[in-house]
Amino acid sequence: MFKNLILYRLDTPWNRRIDEVQERLEEGRFVPCPSTQPQSSGWVAPRGEANAPLVEVVQGQWLFRLQVEQRVLPASVVRRQVEEQMAQIEAETGRKPGKKRQQEIKDEVTLTLLPQAFTKRAASMVWLNPETGVLAVDAGSQGRADAVVTHLIQAMPDLAMRLIQTAESPSAVMTAWLLDDTPAAGFTIDRDAELRSGDEQRSVVRYARHALDTDEVKMHIQSGKQVTRMAMTWRERASFVLNELLQLKKLSLLDLVFEQAPQGKDLDFDANVAIWTGELSGLITELLEGLGGTASEPLAAPVAVASTGTSNATGTSGSAAPTDAPW
């Protein structure tokens, strides 16, 4: 159900009614990307059913899901057609088009090709635990998570949240855990890690499926490198990779969890949500404790709606398909 988690904390208690939230999200419901627009984004049913609600509450846990559709237009195709048109203009006029005209040609080519482009879709689940005030976004990058949060704030402008910051640096704590082979209670270190130096060289050492309790690893740490990513297991129930930004990657619930479930792995949506959120609530609580707890003073400003661009259910305006979008 979740592959990655980026964690935020609400600034105020969550006391909203489900019908109110449903109404707000309905205004930003997803519609397919129009033929002349590069991207469309909006809310879809967490259950994956066409007529299901846009918000689900299972055992007190709230679920939302944002979907993004993009038109895939290879830059090489655009560049080739632009070059062909520029060459034709130069042959006819004897002059090479200037930068302004080149941009106009590129925009025209893009607009012509967009209706023929394939589309791809990606969705991010959002999980809110009202009891702890933690909101988690299943996103592989900070940019994608912030885009999801921006949509939430567009739907509920009075909503404010900030990235969770821990009292101690995740990188420093992971480095100490690896050096002494003494992770926080309930956690074990697995066989994947990345270490990076803090000097100008920014040298990186990566280990994959490799023993980490070796003299070689300790020498890298003693020479000044710090852990920036490390694979871990929590109480033999969940595995994940933690990075220096407090992002959880490659999340997976282990067989022990499903062996204890009456349905085994054959779970319906509600049972799946209950199991995943129950396990992850315990993991997040103990992980934050292992990192010294959350910072007593806010270290990051509340997330706000982006001041540039407009993204909604009918698409993001623009003249060219994005080539480096976080989706």
Side-chain angles (χ1 to χ4, degrees), residues 2-9 132 134-146 162-254 256-257 276 279-300:
F2 298 97
K3 295 181 180 179
N4 310 283
L5 287 183
I6 295 180
L7 306 175
Y8 298 81
R9 191 179 298 281
T132 62
V134 172
L135 182 140
V137 180
D138 186 349
S141 69
Q142 190 62 59
R144 179 181 292 191
D146 286 345
R162 62 187 73 234
L163 281 167
I164 290 180
Q165 304 277 355
T166 51
E168 300 180 46
S169 159
S171 182
V173 173
M174 287 191 292
T175 302
W177 287 351
L178 187 55
L179 180 62
D180 301 329
D181 195 23
T182 55
F187 294 89
T188 55
I189 298 172
D190 295 337
R191 296 169 59 85
D192 293 76
E194 176 184 279
L195 294 85
R196 188 184 300 271
S197 66
D199 55 22
E200 294 181 357
Q201 300 295 324
R202 301 292 290 169
S203 56
V204 178
V205 178
R206 296 185 179 92
Y207 293 95
R209 298 180 295 279
H210 191 285
L212 300 179
D213 56 347
T214 64
D215 291 340
E216 177 187 320
V217 174
K218 289 181 171 60
M219 287 177 59
H220 282 300
I221 295 174
Q222 291 164 353
S223 69
K225 292 185 178 68
Q226 286 207 321
V227 178
T228 52
R229 292 170 59 92
M230 189 163 71
M232 291 187 285
T233 295
W234 173 70
R235 298 194 178 279
E236 299 184 357
R237 304 183 72 81
S239 63
F240 63 100
V241 173
L242 178 67
N243 70 15
E244 77 277 20
L245 300 177
L246 191 61
Q247 298 172 350
L248 283 70
K249 308 281 190 176
K250 298 183 178 179
L251 272 167
S252 177
L253 295 186
L254 304 182
L256 177 63
V257 173
W276 271 90
E279 296 296 334
L280 293 179
S281 292
L283 188 162
I284 291 169
T285 297
E286 294 194 11
L287 179 62
L288 294 179
E289 289 175 354
L291 296 173
T294 54
S296 57
E297 295 295 331
L299 301 180

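Heavy-atom basis, side chains included; hydrogens, waters and symmetry copies ignored. These numbers were taken from a predicted model, which means no experiment stands behind them.
With hydrogens and angles left out, the side-chain atoms of S203 and S197 include a donor and acceptor closer than 3.5 Å.
A distance of 9.5 Å separates CE in M174 from CZ in R229, rounded to the nearest 0.5 Å. Atom CZ in R162 sits 9.5 Å away from atom CD in Q165 (nearest 0.5 Å). We find the CG-NZ distance between L5 and K3 to be 13.0 Å, quoted to the nearest 0.5 Å.
Contact detail for V227 and S171: the closest heavy-atom pair is O-OG, 2.6 Å. The two atoms that bring A167 and G292 nearest to each other are CB-O, 3.3 Å, heavy atoms only. Contact between S239 and T233 at its shortest, heavy atoms only, is CB-OG1, 4.0 Å. Taking all atoms of both residues into account, the shortest heavy-atom contact from L212 to D190 is CD1-O, 3.3 Å. Of all heavy-atom pairs between D192 and A208, the closest is OD2-CA, 3.3 Å. Heavy-atom minimum distance, I6 versus A145: CD1-CB, 3.7 Å.
Residues E289 and L291 form no side-chain contact, since every pair of their non-hydrogen atoms from C-beta on lies 4.5 Å or further apart. Considering only heavy atoms from C-beta on, L163 stays 4.5 Å or farther from L7 through its side chain.
No donor-acceptor pair under 3.5 Å is formed between the side chain of K250 and the backbone N or O of N4. Not one N or O on the side chain of D180 forms a donor-acceptor pair closer than 3.5 Å with the backbone of T182. Of the possible donor and acceptor atoms, one in the side chain of S169 sits under 3.5 Å from a partner among the backbone N and O of A172. With hydrogens and angles ignored, the 3.5 Å screen pairs a side-chain donor or acceptor of S223 with a backbone N or O of H220. Listed for the T166 side chain is no donor-acceptor partner under 3.5 Å among the backbone atoms of T294. Looking only at distances, a side-chain donor or acceptor of R9 sits under 3.5 Å from a matching main-chain atom of T132.
Paired with M232 under the rule side-chain contact (heavy atoms from CB on, under 4.5 Å), one option of V241, L242, T188, L248 passes, and it is L242.
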side-chain contact (heavy atoms from CB on, under 4.5 Å) for L195 and Q226? Distances and angles first, verdict last. CA-CA 5 Å; L195 294 85; Q226 286 207 321; over 6 Å; no

Run the side-chain contact (heavy atoms from CB on, under 4.5 Å) test on E279 and S281 for me, step by step, so that the C-alpha distance in whole Å, both residues' side-chain angles and the decisive distance to 0.1 Å come before the verdict. CA-CA 5 Å; E279 296 296 334; S281 292; over 6 Å; no

Run the side-chain contact (heavy atoms from CB on, under 4.5 Å) check on I164 and L288 step by step: do they pass? CA-CA 9 Å; I164 290 180; L288 294 179; 4.1 Å; yes

Run the numbers on L251 and L280 for side-chain contact (heavy atoms from CB on, under 4.5 Å), then give the verdict. CA-CA 10 Å; L251 272 167; L280 293 179; 3.9 Å; yes

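With sequence neighbours left out, Q142 forms a side-chain hydrogen bond (donor to acceptor under 3.5 Å, both in side chains) with Y8, D146, Q247.
R235 has a carboxylate O that lies under 4.0 Å from a charged side-chain N of E286, or vice versa, which qualifies the two as a salt bridge. Ionic pairing of E194 and R196 is present here: one or more N-O contacts between side-chain nitrogen and carboxylate oxygen are shorter than 4.0 angstrom.
Taking the six-membered ring where the residue is Trp, F187 and F240 present perpendicular rings, their angle passing 60° and hence far from 30°.
More than 12 heavy atoms of other shown residues, nucleotides or ligands fall within 6.0 angstrom of atom NZ in K218. Other residues, nucleotides and ligands contribute only 12 or fewer heavy atoms inside 6.0 Å of the CG atom of D215.
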